[in-house]
Amino acid sequence: MSDARPVDEFPGWRLTNAGGDGLPVLHDVDVVVVGGGAAGVAAATVAAESGLSVVLVEKYGFCGGAAVAGLSGTICGSYLAADADEGRSRVVEGFTGRFRELLLERGGLTEPQLYGKTFTEAHDPLVWREVADHLLTTAGVTVLLHTTVVGVLLDADGTHHGVVVESTAGRSTIRAARTIDASGDAAVVARAGHRTVFGADGSIQNPTMFFRLGGVDMTEFDRAWGRDTICAPWVSEAIVAARDEGLDLPRSKIWIFRTTHAQELLVNATRLTARDGRMLNVVDPADFTEAEILGRAQVRDYAAFLRAHVPGCADAHVVDTGVEAGIRQTRSIVGAETLRNDDVLGCRKRPDGVVRSPWPIELHSGDRPRLEWLLGDVYEVPYLALVPATGENVITAGRCLSAEHEALASARVTAQCFEYGHAAAVATSLSLRKSAGYREIDGADVRAVMREHGSAL
């Protein structure tokens with residue numbers, strides 16, 4: 001862990017601007033949204049529905065980000081935590097609730113599943129993509145899949161005017177009055193030279209290779225595993241014992257979710273560190289490659305463990321893994337305001353709060369993930385935590401918001417990412433309508449519009 005490197009210190013991979021001089025202009029729009037994960041889909045949809053011209057740029061051939069490419073597979077962060085079943089209720093709505101309802105209509109979401117002291121829901125990754133396609137096309141968003149941002153159009157004073165993109169067709173520019181960085185990695189903000197940070201003194205949460213397990217006898221599995229998706233002590237004890245069999249099982253506390261498909265489970269078990277034990281920084285392609293290769297091998301060992309030791313899994317097989325390792329954390333922006341650890345633990349409410357969260361601090365950095373519950377309460381994320389401290393005409397949405405390390409371990413999950421995108425789109429509409437910079441927008445005004453849209457604030 002002590003060998004962690006800042007994100008801008010990879011030899012040969014320094015973050016640089018690719019200028020747009022002489023390149024063709026592919027689009028000239030009000031808003032460019034970079035990244036098609038939960039935050040990006042929400043941002044692009046809501047911005048387009050407010051009457052703005054919007055282009056969404058996504059590197060894969062589908063939207064979904066960590067939820068789909070990373071196969072994280074659940075919508076976490078919607079339900080209150082409690083010591084008893086009564087009192088648990090869904091407290092995050094808005095775009096999150098809207099997306100959830102569309103998943104349900106298409107059979108793409110499970111019933112709520114017990115996760116410790118709260119609930120979560122598992123989604124079908126194909127249906128997730130289809131819902132995103134439906135929302136974006138219905139709203140009139142121009143979607144560019146298989147397209148990567150390689151540079152930023154930037155004035156000397158730090159004013160953003162769009163991005164430089166590249167695909168197999170070549171390199172071109174997208175000119176935009178406002179940019180929403182929903183990349184998850186603060187890719188636009190970092191390329192523009194605005195300050196970012198990397199976890200706690202360079203240490204971030206471990207990535208995980210999620211996988212789906214098919215051919216499960218669910219009656220036997222349910223009887224042995226129990227109702228909670230978080231494993232019981234007997235499973236952890238069996239994992240520790242199985243290490244003596246030569247299996248690579250570095251994480252002893254694992255989580256298994258029922259999916260929308262019969263005889264299938266979604267497994268969150270692996271913990272990915274480098275072969276030499278150091279933390280993997282997946283911004284570096286060498287480290288990302290190591291995470292992918294080690295992750296797939298570790299999946300096989302956890303699947304072997306489940307077949308040998310967990311009832312119902314004797315004849316199970318690995319259906320697939322994520323397209324990429326599941327990424328919890330890379331860069332965070334240095335924002336005009338920062339979500340503090342005490343804000344989360346103290347369940348702080350605020351007039352400029354634009355996203356609420358009941359999710360625990362869920363910190364993945366060792367043998368057993370650390371959980372700190374927020375029982376029966378929520379905190380609110382301030383609007384300016386989405387806005388970089390420097391630069392103009394750029395806002396973020398998603399896990400790269402400005403937050404302290406432990407606070408981010410709570411604030412990064414899917415339900416909240418949908419609402420960060422919602423908030424960024426509302427702020428963008430206000431910014432353009434008022435000809436004002438993002439830092440000039442009052443978070444209370446963003447909150448008021450989001451309430452009109454159905455957000456539970």
Side-chain angles (χ1 to χ4, degrees), residues 36-42 44-46 49 58 60-79 85 88-115 118-139 141 143 145 210-222 225 227-229 255-268 312-313 316-323 326 359 413-419 421-422 454 456:
V41 169
T45 301
V46 174
E49 288 174 341
E58 167 55 44
Y60 288 121
F62 53 85
C63 289
V68 173
L71 202 63
S72 64
T74 58
I75 298 180
C76 299
S78 293
Y79 290 85
D85 280 355
R88 294 195 186 103
S89 57
R90 205 168 67 246
V91 293
V92 178
E93 293 292 347
F95 195 90
T96 304
R98 184 177 168 190
F99 200 96
R100 177 181 179 275
E101 287 302 313
L102 289 171
L103 286 171
L104 284 170
E105 286 176 13
R106 290 163 171 78
L109 194 68
T110 67
E111 292 295 315
Q113 301 182 48
L114 184 66
Y115 175 86
T118 188
F119 286 98
T120 188
E121 298 152 311
H123 63 78
D124 181 301
L126 176 59
V127 178
W128 203 110
R129 299 176 220 188
E130 293 167 347
V131 169
D133 291 343
H134 166 74
L135 285 165
L136 293 166
T137 55
T138 302
V141 177
V143 180
L145 303 176
F210 291 78
F211 65 100
R212 291 192 291 180
L213 197 70
V216 179
D217 182 326
M218 294 303 296
T219 301
E220 279 195 42
F221 175 81
D222 286 342
W225 191 269
R227 183 165 167 246
D228 200 335
T229 56
W255 306 329
I256 296 183
F257 306 93
R258 289 72 171 169
T259 76
T260 57
H261 302 288
Q263 298 183 302
E264 184 183 86
L265 299 171
L266 174 68
V267 184
N268 176 345
C313 296
H317 61 276
V318 175
V319 176
D320 60 7
T321 68
V323 173
W359 194 248
V413 295
T414 307
Q416 283 61 49
C417 283
F418 278 128
E419 287 297 272
H422 185 179

Using a 4.5 Å cut-off on heavy atoms from C-beta on, say whether the side chain of [Y] contacts that of [X].
X	Y	result
Thr96	Ser78	yes
Leu265	Met218	yes
Phe211	Leu266	no
Leu213	Ile256	no
His261	Asp124	yes

Practice task
Could you list the residues that satisfy salt bridge (Lys or Arg N to Asp or Glu O under 4.0 Å) with Asp222, not counting sequence neighbours?
Solution key: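 Arg258.
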Problem - Residues forming a salt bridge (Lys or Arg N to Asp or Glu O under 4.0 Å) with Glu130, sequence neighbours excluded - result: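 For Glu130 there are no salt bridge (Lys or Arg N to Asp or Glu O under 4.0 Å) partners, ignoring immediate neighbours.
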What pairs with [X] under side chain to side chain contact (heavy atoms under 4.5 Å, CB included), at least two apart in sequence or on another chain?
X	result
Glu121	Tyr79, Arg100, Leu109, Thr110, Pro112
Val413	Cys76, Trp359, Gln416
Ala67	Ser72, His123, Trp128

Handout entry: Where at least one partner belongs to residues 210-220, residue pairs that pass salt bridge (charged side-chain N to carboxylate O under 4.0 Å, His left out), sequence neighbours excluded
Key =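 Matches after skipping sequence neighbours: Arg212-Glu264, Arg212-Asp320.
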Practice task
Could you tell me how the ring of Phe62 sits relative to the ring of Tyr60: parallel (under 30°), tilted (30 to 60°) or perpendicular (over 60°)?
Solution key: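 Parallel: the ring planes of Phe62 and Tyr60 meet at under 30°.
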Practice task
Nearest 0.5 Å please: distance from the CH2 atom of Trp255 over to the OG1 atom of Thr74.
Solution key: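 The CH2 atom of Trp255 sits 9.0 Å away from the OG1 atom of Thr74.
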